[in-house]
Amino acid sequence: MLELVNLNKSFGDKQVLRGIDLRVPPGQVVSLIGASGSGKSTLLRCVNYLEQPDPGSAVLIDGMQIGGDDPRHGSARQLRQQRSEIGMVFQHFNLFPNMTALDNVCEGPLAHRRGTRAEIREMALHLLDRVGLAERADHYPSQLSGGQQQRVAIARSLAMKPKLMLFDEVTSALDPELVDEVLKVMRELAQGGMTMICVTHEMAFAEDVGDRVIFMADGRILEDGPPSKVIRNPEHDRTRAFLARAL
Ligand code: ADP
Ligand code: MG
């Protein structure tokens with residue numbers, strides 16, 4: 001589903017990702033953990049080319065290389081198409097403030113002409129129902145709690161029927177009592193077979209929803225394995241030190 005080959009990323013002379021190799025099979029749920037500054041967000045952003053990886057890096061979705069400096073796999077149209085197959089949800093729910101929840105969910109499929117207006121509206125209502133917000137379809141973001149906004153953001157991503165979902169600390173900015181409603185939606189998505197990479201500080205979530213936990217340090221994958229191994233019985237002192245603070 002996703003393959004990263006020798007992924008490097010530098011900002012100026014600062015190298016942030018160092019030779020990341022990673023294969024994620026379909027349906028796998030990966031929890032990405034690590035200290036602030038270790039490169040987790042940059043990795044996610046390189047996956048959908050919000051950041052351009054350094055030359056020599058490769059990002060493949062279903063075996064197709066995305067973006068890149070080689071014009072053979074780099075047309076703008078192709079990149080847009082490939083990006084539309086990857087959903088991303090951020091810490092700060094960036095909904096369009098001037099659109100209702102329903103219109104936020106409809107916007108992507110409408111822009112990409114993924115059906116008639118009526119079909120898209122019906123699909124969007126179904127998605128809002130799935131995230132528990134059928135009753136809030138006509139509310140504007142400012143009329144929704146942070147947890148509700150984040151669930152709309154997830155529905156909005158799903159509306160593009162992504163093959164892969166990327167979550168970057170989507171519960172970090174929420175009041176504690178709103179975290180669970182968002183994790184519940186992510187848990188259901190995982191159980192439904194979605195391929196997901198979740199950057200998270202929620203170790204309980206990483207442990208019981210993730211098939212696999214990756215610990216990053218200094219732009220490298222330091223540890224990679226099942227939660228029972230990485231969280232409960234890590235190999236490296238740095239993982240242990242991180243977990244001692246996080247658990
Ligand atoms: P994490 O998500 O693990 O906290 P990030 O991927 O956000 O880490 O950042 C990794 C490093 O890259 C940090 O040192 C950060 O300052 C740097 N960085 C991230 N984005 C940029 C950017 N656009 N320009 C310069 N440095 C950046
Ligand atoms: Mg980050």
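Quick note: residue numbers are just sequence positions, from 1. Keep in mind that the numbers below use all heavy atoms, side chains included, and drop hydrogens, waters and symmetry copies. In each ligand, atom 1 is the first atom listed, and ligand 1 is the first ligand listed.
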Considering only protein heavy atoms, which is closest to [atom], and at what distance to one decimal place?
| atom | result |
| --- | --- |
| atom 6 (O) of ligand 1 | Thr42 OG1, 2.6 Å |
| atom 7 (O) of ligand 1 | Ser41 CB, 3.7 Å |
| atom 3 (O) of ligand 1 | Lys40 NZ, 2.8 Å |
| atom 19 (C) of ligand 1 | Phe11 CE1, 3.5 Å |
| atom 8 (O) of ligand 1 | Gly39 N, 3.2 Å |

Using a 3.5 Å cut-off on N or O atoms only, is [X] in polar contact with ligand 1?
| X | result |
| --- | --- |
| Val16 | no |
| Glu51 | no |
| Gly37 | yes |

Is it true that [X] and [Y] have a side-chain N and a carboxylate O under 4.0 angstrom from each other?
| X | Y | answer |
| --- | --- | --- |
| Arg187 | Asp208 | yes |
| Glu207 | Arg232 | yes |
| Arg114 | Glu119 | no |

Problem - Asp224 backbone acceptor or donor facing Arg212 side chain under 3.5 Å - result: no
Practice task
Check whether any side-chain N or O of Asp211 sits under 3.5 Å from a backbone N or O of Val29 as a donor-acceptor pair, and report yes or no.
Solution key: yes
Practice task
For Asn104 and Pro141, work out which heavy atoms get closest and say how close.
Solution key: ND2-CG, 4.1 Å
Exercise for the section: For residues Pro109 and Cys106, report the shortest heavy-atom separation together with the two atoms involved. Expected result: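 The answer is CD-O, 3.2 Å.
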Exercise for the section: Indicate whether atom 22 (C) of ligand 1 is within a distance of less than 4.0 angstrom of some protein heavy atom. Expected result: yes
Practice task
Report, in ascending order of atom number, the atoms of ligand 1 lying under 4.0 Å from any heavy atom of Lys14.
Solution key: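 Per the distance check, 14 (O).
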Exercise for the section: With heavy atoms of Ala35 as the reference, note each atom of ligand 1 found under 4.0 Å away. Expected result: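 The list of qualifying atoms is 3 (O).
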Completion exercise
residues 5-14 vs side-chain hydrogen bond (donor to acceptor under 3.5 Å, both in side chains), sequence neighbours excluded, gives Asn6-Asn8, Asn8-Gln15, Ser10-Asp54
Handout entry: 4.0 Å heavy-atom contact, Gly34 with ligand 1
Key = no
Practice task
Please lay out, stage by stage, how Leu22 and Val24 fare under the test side-chain contact (heavy atoms from CB on, under 4.5 Å).
Solution key: CA-CA 7 Å; Leu22 175 65; Val24 181; 4.0 Å; yes
Exercise for the section: Tell me whether Ser41 has at least one N, O or S atom under 2.8 Å from the Mg ion (ligand 2). Expected result: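 Coordinating: yes.
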